[in-house]
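Please read all numbers here as calculations on a predicted model, not as lab measurements. Because only heavy atoms are used, hydrogens play no part in the values below, and waters and symmetry mates are left out as well, while side chains stay in. Reminder, nothing fancy here: chain letters follow the sequence lines and each chain counts from 1.
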Number of protein chains: 2
Amino acid sequence: MSTVPADRPKAAERIQAAAKDLFYRQGIRATGIEEVCRVADATKMSLYRSYPSKDALVAAVLSQDSACYDQWVLEVTQACATPGDKLRALVTAMVHKLSDAEYRGCPLLLAQAEFPDRDHPTHQWVAAQKARMRDGLVELARQAGAAEPGLLGDGLSMLMDGAWASLPYLGPERAGQVARQGAEALLRDALPQGG
Amino acid sequence: MSTVPADRPKAAERIQAAAKDLFYRQGIRATGIEEVCRVADATKMSLYRSYPSKDALVAAVLSQDSACYDQWVLEVTQACATPGDKLRALVTAMVHKLSDAEYRGCPLLLAQAEFPDRDHPTHQWVAAQKARMRDGLVELARQAGAAEPGLLGDGLSMLMDGAWASLPYLGPERAGQVARQGAEALLRDALPQGG
DNA sequence: TAGGTAAGTGACCGGTCGGTATCATCAAGA
DNA sequence: TCTTGATGATACCGACCGGTCACTTACCTA
């Protein structure tokens, strides 16, 4: 029962994986250290050997969330030939994600809402990450030859945030439809004939 | 010192006002009962005489937030002659609100993010209220003669939610610009020549 | 076979949480 | 004047929070 299969993930990894899941599903403040350890099948001492505090664990989880977004962008766009195709593929993938039953929106945005104080380090860190994600969209828009790359990138970014914010009351199908139409209007206005 | 000016607001009102402010600025879970009472200059017993639990206080505050939104819509639109003008006035007022230094986005959305579990009563209640707000926009769009009232109303609703979600990383000016252009595009596509 | 290291165990800490009990105070109306 | 209802003050409760302690177990490797 307490013997450990030799190829089991290390305690720190199990803890971070459990925290990522629980923080996302229940909220950060609503999730206690002991619950994380119980789900991870680890002990508090293992947690505190790898993370000096709960805040540090939160930071690690959010960093991982941010990295997951980067990888998601890579996977979605790597098969696309042009920057314009990449933008369209991202919109399609985002709309598709809205229908995932486990999906509750951008984890960074959720976290930021839990710390609405602008001076809170987590709030500021999330804002910086979201700005970075926005920059990526703006850069893609620039490469695609958009007349106003900033407007297209910012618009898509705002649209995505709005899509998952509206998910609870619009539902996945409707939110997907509206987001898709909005994105198509943005792309149509900004890109020269489908570039 | 402890004598009470006769025309002072009642304890329940002071408590609810303090809770509304603190819940919005710090978050609901981050705000303790005792802090609410301290700011309200009231005692815990006064709180529990008027509200059976913290959850009940939260519900009362969110109901007030919802009512404030309704009144805001009324104030913004009452001077407008046509439904189309009302929609445009709402967009303008929303953009203007983004520049308010105290503004942190829709309080209901903040609260919903604190309870990401879809089964949580607060989460569901917020979703119902947001759906009601959306219905109001759809009805205005229908009165304005929009080709697809649902698309215009849902689109504006999603755009507003996206605007304040993006506020922390876009900043008020940029978020306002992008939201305004998006709203104008929506209105332009949906409304027959400025109706 | 010895030693180092990662992990587990369970008790424990001070503090804070939401919530309750008891009693005193005070203004206003009958 | 006497009552009454709203409020204040304060001590208290059990539960849980994040975090720490001394100590044990299991595995890998030299």
Q.
Quiz question: going by heavy-atom distance under 3.5 Å, is there a donor-acceptor pair between the base of D:dG18 and the side chain of A:Lys54?
A. no

Q. How far does CZ of A:Arg188 sit from CG of B:Asp189, to the nearest 0.5 angstrom?
A. 6.5 Å

Q.
Here's a test for you: under side-chain hydrogen bond (donor to acceptor under 3.5 Å, both in side chains), which of B:Arg174, B:Glu173, B:Gln181 qualifies with B:Gln177?
A. B:Arg174

Q. Could you state the CD-P distance from A:Glu35 to D:dA15, rounded to the nearest angstrom?
A. 18 Å

Q: Look at A:Ser46 and C:dG8 and indicate whether a side-chain polar atom (N or O) is within less than 4.0 Å of OP1 or OP2.
A: yes

Q | Nucleotide C:dA7, atom P - distance to CD1 of A:Ile15 in whole Å | A | 8 Å

(Q) Please compare B:Tyr48 and A:Met45 by the position of their nearest nucleotide in DNA chain C and report the one closer to 5'. (A) A:Met45

Q: Measure from CD1 on A:Ile28 to P on D:dC17 and round the result to the nearest Å.
A: 16 Å

Q: Using only side-chain N and O atoms of B:Arg14, determine if any of them is under 4.0 Å from OP1 or OP2 of D:dG8.
A: yes

Q) When the ring planes of A:Tyr103 and A:Tyr24 are compared, do they come out parallel, tilted or perpendicular, using 30° and 60° as the limits? A) tilted

Q: Report the residue (B:Lys44 or B:Ala12) whose heavy-atom-nearest nucleotide on DNA chain D is the more 5′ of the two.
A: B:Ala12

Q.
Taking only side-chain N and O atoms of A:Thr43, does any of them lie within less than 4.0 angstrom of OP1 or OP2 on C:dT9?
A. no

Q | DNA chain C: 5'-proximal contact among A:Glu34 and A:Ser50 (nearest heavy atom) | A | A:Ser50

Q: Take atom CG of B:Leu47 and atom C1' of D:dA6, then tell me their distance rounded to the nearest Å.
A: 15 Å

Q. To the nearest angstrom, how far is B:Lys10 atom NZ from D:dG8 atom P?
A. 11 Å

Q. Charged N to carboxylate O below 4.0 Å: is that the case for B:Asp100 and B:Lys97?
A. no

Q.
Looking at the base of D:dA6, is there any donor atom on it, or on the side chain of B:Arg49, that sits under 3.5 Å from an acceptor on the other one?
A. no

Q: May I have the distance from B:Leu22 (atom CG) to C:dC17 (atom P), rounded to whole angstrom?
A: 12 Å

Q | Gap between atoms CZ and P, on A:Arg38 and C:dG8 respectively (whole Å) | A | 15 Å

Q.
Let's go through B:Glu35 and B:Arg38 carefully: what are the C-alpha distance in whole Å and the side-chain angles of both, what is the deciding distance for salt bridge (charged side-chain N to carboxylate O under 4.0 Å, His left out) to 0.1 Å, and is it a yes or a no?
A. CA-CA 5 Å; B:Glu35 185 177 9; B:Arg38 196 178 343 115; 5.1 Å; no

Q: Measure the distance from CD1 on A:Ile33 to P on C:dC12 and round it to the nearest whole Å.
A: 21 Å

